[in-house]
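Every heavy atom of this structure was used, including side-chain atoms; hydrogens, water molecules and symmetry mates were not. Start at 1 with the first residue, then count along the sequence.
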Amino acid sequence: MKELFRLALVLTLITAGAGLVLSMAEQLTREPIAEQRRQETLRALRTVLPQFDNQPDQDSLTLEVGYDRRGNPLERTVYRGRFEGEFSGAAFVMIAPDGYSGNIEVMVGITPAGAVSGIAILHHAETPGLGDKIEDDWFRGQFTGQTRDSVRWAVKKDGGDFDQLTGATISARAVVGAVLQGVEFFRAQRDVILAPADRQEGGA
């Protein structure tokens, strides 16, 4: 009985010690991780937004865009670029759920006129050497300047205007679909995104 008590005490102390170490590690790494994510976001914003001289990550707006399977609201953060005080473009993240290997996160930049100013692939698990070519400049460049009505929003294999990737049509198709949804999202929310802050609900 005494031996069992000793063993339980040792296990409790080990568990408590491990928990304490993990807690301290989480506290020490929280801010660096948050800063790293902020820098990643800023790099993507510089890639996709038209010229700006403000800090878009501090001029953002969060909008509800639907509900998940459990009925919880889904939100999308819109980053607003401004140049000399004028709105120069908006950027936000779209999720393509139909990639070959799961979700593809795409940041989409849009001009005030509703044209794509650039896209950046933030995260994906597509096949190296095939699907990961969605990150290539030539592929991403196809979207720049396109509006909802300027092209047929599908890969050429599906009768559209966008070059697909050899051996990775699914990946290309997923990105085209996500960017199109981004263009339509901006068109639907344009007035809200451009409205002065004092007339917005949920503004950050």
Evaluate the salt bridge (charged side-chain N to carboxylate O under 4.0 Å, His left out) criterion for residues Arg38 and Asp57: first the C-alpha distance (whole Å), next the side-chain angles of each, then the deciding distance (0.1 Å), finally the verdict. CA-CA 8 Å; Arg38 177 174 178 267; Asp57 63 323; 2.8 Å; yes
Dump the intermediate steps for side-chain hydrogen bond (donor to acceptor under 3.5 Å, both in side chains) on Glu75 and Thr62, then the final yes or no. CA-CA 6 Å; Glu75 298 179 333; Thr62 300; 5.4 Å; no
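For Arg80 and Phe87, the positive end is not near the middle of the six-membered ring at less than 6.0 Å and at most 45° from its axis.
One distance of note links CD of Gln51 with CZ of Arg82; it measures 15.0 Å at 0.5 Å rounding. Distance check, rounded to the nearest 0.5 Å: CG of Leu74 to CG of Leu63 gives 12.5 Å.
A salt bridge does not link Arg140 with Glu135: none of the charged nitrogens is closer than 4.0 Å to a carboxylate oxygen.
Checked against a 6.0 Å centroid threshold, the rings of Phe92 and Phe186 do not count as neighbours.
Not one N or O on the side chain of Thr169 forms a donor-acceptor pair closer than 3.5 Å with the backbone of Gln164. For the pair Ser60 (side chain) and Pro56 (backbone), a donor-acceptor distance under 3.5 Å is absent.
Residues Leu130 and Phe162 do not share a hydrophobic cluster, defined by chaining ILVMFWY side chains whose heavy atoms lie under 4.5 Å apart. A continuous path of ILVMFWY side-chain contacts below 4.5 Å connects Val65 to Val108, so both sit in one hydrophobic cluster.
The closest side-chain donor-acceptor pair between Ser171 and Glu126 falls under 3.5 angstrom.
Clustering of Ile, Leu, Val, Met, Phe, Trp and Tyr by side-chain heavy atoms under 4.5 Å joins Tyr79 with Leu42, Leu45, Val48, Leu49, Phe52, Val93, Ile95, Met107, Leu122.
The local environment of CD in Glu31 is sparse, with at most 12 non-hydrogen atoms from other residues, nucleotides or ligands closer than 6.0 Å.
In this structure Tyr100 satisfies the ring-ring contact (aromatic ring centres under 6.0 Å, His included) test with no other residue, sequence neighbours excluded. Checked against side chain to side chain donor-acceptor pair (under 3.5 Å), Asp136 has no partners two or more places apart in sequence or in another chain.
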